[in-house]
Number of protein chains: 2
Amino acid sequence: MDLIERKYRILQAIIDDYILTALPVGSRTISKKYEQNLSSATIRNEMSDLEELGYLDSPHTSAGRVPSNKAYRLYVDRMIHPAPLTPEELSYIQSCFDTRAQQVGTLSAKLAKVISGMTNYTTAVMTRTPRAEQKIGHIQLVPVSDRRILAVLVTQSGAVKQQMLELDQSIAPDALYAVSRILSERLNGCPLSQLKKALLDIAENEGKGIRGMLREIAGIPDEAADDGTLVVGGRSNLLGFPEYSDVGKAQELLKVLETRDKMISLLSRQGEMEITVRIGPETGIEELRDCSVVTASYRLMDGRVNTVGLIGPTRMQYGRAVSVLEEVGKALGRAINRQEIGDDDGTPRTGR
Amino acid sequence: MDLIERKYRILQAIIDDYILTALPVGSRTISKKYEQNLSSATIRNEMSDLEELGYLDSPHTSAGRVPSNKAYRLYVDRMIHPAPLTPEELSYIQSCFDTRAQQVGTLSAKLAKVISGMTNYTTAVMTRTPRAEQKIGHIQLVPVSDRRILAVLVTQSGAVKQQMLELDQSIAPDALYAVSRILSERLNGCPLSQLKKALLDIAENEGKGIRGMLREIAGIPDEAADDGTLVVGGRSNLLGFPEYSDVGKAQELLKVLETRDKMISLLSRQGEMEITVRIGPETGIEELRDCSVVTASYRLMDGRVNTVGLIGPTRMQYGRAVSVLEEVGKALGRAINRQEIGDDDGTPRTGR
DNA sequence: GTTAGCACTCGAAACAAAAGAGTGCTAACA
DNA sequence: TGTTAGCACTCTTTTGTTTCGAGTGCTAAC
């Protein structure tokens, strides 16, 4: 039906305009800028219908209309326009993830910086290694001082965990090497989840001297459990939006960004390999009721999974956000392939 | 001279009051709340003098006075009152740094959280190991995948650097162990600054097979140069201060906090073992012209140095800030002693 | 179904007046 | 001579009022 089509066109125009200006959109604006062959009165009628359908809200009688969350949902699902990046932007992204020997632990920060830089929103990056997939590669005990050793645990996928241990008695470096070797041999391929048991097993059967130490090592996996690194970047961007010219609101939002639990829960919801958009209450976090969050996950060469969340007002440039996340995904994928280790191309697909 | 003494008392009262209320202080307020045996007229005269001396500014004729940076300087140097923490607060701090086996890398975040939580200011924590003091303890090469190895470098003080390396050819784990052992033996005690040369030396004299690898390893120290970890916490606190009810100012400040270089330079100025207060322009950072920064350094068991900076409006509760930093220092010191490794007690002394 | 026209609503901006906080100065006081 | 009461003056803040304009909803005509 043609009418329906037109309604949606008008709705889209309203959303587009509102995303651009943050100002309630009036019928005249639409009739002038978007639908020049329709009079403002006609638009008015349509808008009235759209309000009744729940797609528009009016702050007050004489203020034009504002898209509702329902409208944003529709917009994201059906009428988002892709915002292809310029060649310069593409090559910029490429160059960011190009370095051959990526410094360990810097990637999250770089992701946050690049993404929030390109979108003007705030970016949260969570890095973690799915526990189930982690299998022991090597265990290395490194003497640090008399009674302290550093246990370095390398998973088969290349992730590294380290934990400082204090021993009851001192132990000679050579003995440590020996133990390292035994452990690495015996535990190779052991899933991280069963490490503890395996260690205790060895402790039982093995000679007296190291038993105590093994017991202590057995405690590692729990403490070192990778509950994720969290990096947030681009907070100052938030304050640039008129919706946060109220300091109170800005503060509330900043506080959420500082609350690790909330951020982790926000990002944990993201499945792998798909870009997800959550609008207002869909975020599941009360304080984000007026925000939207676009998330994507990237699987890295070493088994880690980076989940990226873009946080901005519901009036977000969704097309742009999705494009940037997509291109970053592709760039990461290419970087992985170049290093010939990638187990998949790291490119997220778009979707709800 | 008694007169002088009184002037300073009045100045102190003004500063105290302003720190508390953030409102320009009038003569009546002082006469009522602080100097009940002096009339407001007298106070007025004194205030007029103080303004002439450069200790007070008046925003406009009928608005009371506001302390100048010069006044804060005097305040910090001469009339700061210590703000002893309550027993509960003390034991809270204690408990925060009590954990026996501190997770590697968590300390900065904890410091930032505890300190900004207790002061309501923003905290930046920089961790780094003074390059000059780092001497090689052990080098361990850990096989990760076919051509990738993880080089773990442990300094004598226990700091750990790691770097992923890609090799031109694959190498057997056993060979790696051998190389690790040789390197550890030969390089033990070698200052980090000379590591590169030492490695290249070995590469010259040593067998063909590993030469390439050694060359690559020689590249590590530069890349892995510990230019410091930076953690910032408690940003949302800033927005609670009336001086940042102007979103523009808040944004400017947040942006500085996001600029790694500026933060590093801000914190690098702090010498060891002393609490330093820098007021406004003294911070050396233009955007912080209306902020004060209180910094302290803590030397940790593993040789790392944590420099903590408290950032807030110049109208800062200096006494409180210094007290908290002092107590945190003491708590860290105790934690180090308990672990019987500390090379000093980590307690900063107070001073300009 | 579309549109012109118009009365009506309501916030934002502009303006004016009043209130209030604080100062500086003068003159009197101890 | 230092202190203080008193008062005129200044300047911001608050409050109220008016005006303006954007936008709507409805009706009637096309």
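When reading the values below, keep in mind they use all heavy atoms of this one structure, side chains included, and skip hydrogens, waters and symmetry mates. Lettering of chains follows the sequences in order, A, B, ..., and the numbering in each one begins at 1. Please read these numbers as outputs of a predicted model, since none were measured by experiment.
Across the protein-nucleic acid pair, B:Ile30 atom CD1 and C:dA21 atom C1' stand 14 Å apart, rounded to whole Å. Spacing between atom CD of A:Glu46 and atom C1' of C:dT3 amounts to 13 Å, rounded to whole angstrom units. Between B:Leu38 atom CG and D:dT4 atom P there is a gap of 6 Å when expressed in whole angstrom units. If you measure from atom CG of B:Asp57 to atom C1' of C:dG22, you get 16 Å, rounded to the nearest angstrom. In this structure, CD of B:Gln36 is placed 17 Å from C1' of D:dT3, rounded to the nearest angstrom. Following rounding to the nearest Å, B:Lys7 (NZ) and D:dG2 (P) show an atom-to-atom distance of 10 Å.
Side-chain contact check for A:Thr42 and A:Ser39: at least one donor-acceptor pair (N or O, by modelled atom type) lies under 3.5 Å.
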Practice task
Treat primed atoms plus P, OP1 and OP2 as sugar-phosphate and everything else as base, then score nucleotides 18-30 of chain D 5' to 3': B for base contact with protein heavy atoms under 4.0 Å, S for sugar-phosphate contact only, - for none.
Solution key: ----BSBB-----

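In summary, of the residues considered (B:Arg44, B:Lys70, B:Lys7, B:Arg65), a salt bridge (charged side-chain N to carboxylate O under 4.0 Å, His left out) with B:Glu51 occurs for B:Arg65 alone.
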Exercise for the section: Begin from the C-alpha positions of A:Thr119 and A:Gln317 and carry the test side chain to side chain donor-acceptor pair (under 3.5 Å) through to its verdict. Expected result: CA-CA 8 Å; A:Thr119 57; A:Gln317 301 207 28; over 6 Å; no

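At least one donor-acceptor pair closer than 3.5 Å links the side chain of B:Ser323 to the backbone N or O of B:Ala83. With A:Glu89 contributing its side chain and A:Thr86 its backbone, the two residues share a donor-acceptor pair below 3.5 Å.
In terms of the ring pair (Phe, Tyr, Trp, His ring centres under 6.0 Å) criterion, B:Tyr72 has no residue partners (sequence neighbours excluded).
Taking the six-membered ring where the residue is Trp, the centroids of B:Phe241 and B:Tyr121 are separated by under 6.0 Å.
Counting only Watson-Crick and G-U wobble pairs whose two key distances fall under 3.5 Å, DNA chain D forms stems of three or more stacked pairs at C:1-30 with D:1-30.
Listed pair B:Thr42 / D:dT3 fails the phosphate criterion, with no side-chain N or O lying under 4.0 Å from OP1 or OP2.
Of all the heavy atoms in B:Leu56 and B:Met47, the pair that sits closest is CD1-O, 3.9 Å.
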